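Input: a single structure, listed below in structure tokens.
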Amino acid sequence: MLETIDLRKVYSTGDEAVSGVSTTVEGNEIVAMIGPSGAGKSTFIRCINRLTEPTEGEVRLDGEDLTALADDEMKAARRNIGMVFQEYNLVERLTVMENVLSGRLGYVSNWAALRRNFPPEDVERAYDILETVGLADMENKRADELSGGQRQRVGIARAVVQEPTILLADEPTSSLDPDSSHAVMELLTAIAEERNIPIIINIHEVPLAVEYADRILGLHDGELVFDGPTDDLDKNA
Ligand code: ADP
Ligand code: ADP
């Protein structure tokens with residue numbers, strides 16, 4: 001379970017991107033965060049895993065306040081948080097399999113050694129997940145040989161292989177065409193259900209959010225202006 005309590009982020013520029021957001025996400029909820037560009041969606045997600053340092057407030061993951069952790073403790077805690085990025089953040093010169101395996105590690109400097117020394121059970125787990133995302137036959141292709149939709153599926157596999165207790169996706173469909181966007185949303189929601197973990201997906205396309213999410217968080221100028229079941233969104237619109 002993830003809980004944010006009065007989460008606030010003021011950048012050094014003085015921009016207040018997130019202005020005290022309190023919410024709880026649990027079970028296998030599919031939560032879409034919507035709002036116009038600049039609303040603070042990306043900042044909110046990045047404050048959860050402290051890719052951006054929150055200015056104030058708490059982020060509780062399964063009871064533990066992440067904002068209180070030292071850097072090395074936070075590094076360990078990040079293993080529980082699967083992150084999917086808009087621009088995939090793959091390492092282009094590495095293969096699909098290597099990119100997925102990197103989710104089991106953190107930062108690695110020597111990939112040849114990495115590949116040789118990887119525990120077989122990790123490789124097996126990575127292969128299973130590549131099957132789930134439909135890329136098992138592409139494990140040896142380099143990331144830079146893939147289409148956008150395929151790259152994002154590698155990004156999802158990398159997030160899932162670390163066996164997180166929550167998934168965060170920051171505009172995972174914004175760089176994709178409509179067909180690939182639907183495929184990625186279907187995959188993310190299926191994974192949350194199958195693994196029984198919640199997911200927060202930032203999305204600026206409201207119809208896509210409404211189609212797939214159980215619950216909507218509406219952000220505007222850093223404030224949570226809507227937090228409820230997707231079915232209630234129309235009534236308030
Ligand atoms: P969204 O994801 O909804 O588009 P962002 O979280 O990216 O919103 O941005 C929210 C606000 O914070 C915007 O005003 C943006 O300009 C500002 N912002 C985002 N990142 C930074 C940064 N690194 N430094 C300063 N201001 C930032
Ligand atoms: P950049 O150097 O511009 O960030 P890269 O393609 O090198 O671009 O890296 C893309 C992403 O992959 C980044 O998020 C980075 O943290 C991660 N990354 C890069 N190299 C490694 C590595 N050796 N092990 C694990 N992750 C890496």
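Remember, it's 1-based here, ligands and their atoms both numbered in the order they're listed. All values derive from a computational prediction rather than experimental measurement.
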### Message
Do Glu139 and Thr95 pair up side chain to side chain, a donor and an acceptor below 3.5 Å, judged on atom types alone?
### Response
no

Is there a donor in the side chain of Asp170 and an acceptor in the side chain of Ser42, or the other way round, less than 3.5 Å apart? yes

Is the backbone of [Y] close enough, under 3.5 Å, to the side chain of [X] for a donor and an acceptor to pair up by distance?
| X | Y | result |
| --- | --- | --- |
| Ser22 | Asp6 | yes |
| Gln86 | Ala169 | no |
| Glu171 | Lys41 | no |

Ordered by chain then number, the protein residues lying under 4.0 Å from ligand 1 by heavy atom are Tyr11, Thr13, Asp15, Ala17, Pro36, Ser37, Gly38, Ala39, Gly40, Lys41, Ser42, Thr43

The complete set of salt bridge (charged side-chain N to carboxylate O under 4.0 Å, His left out) pairs with one or both residues in residues 11-36, sequence neighbours excluded, reads Arg8-Glu16, Glu29-Arg215

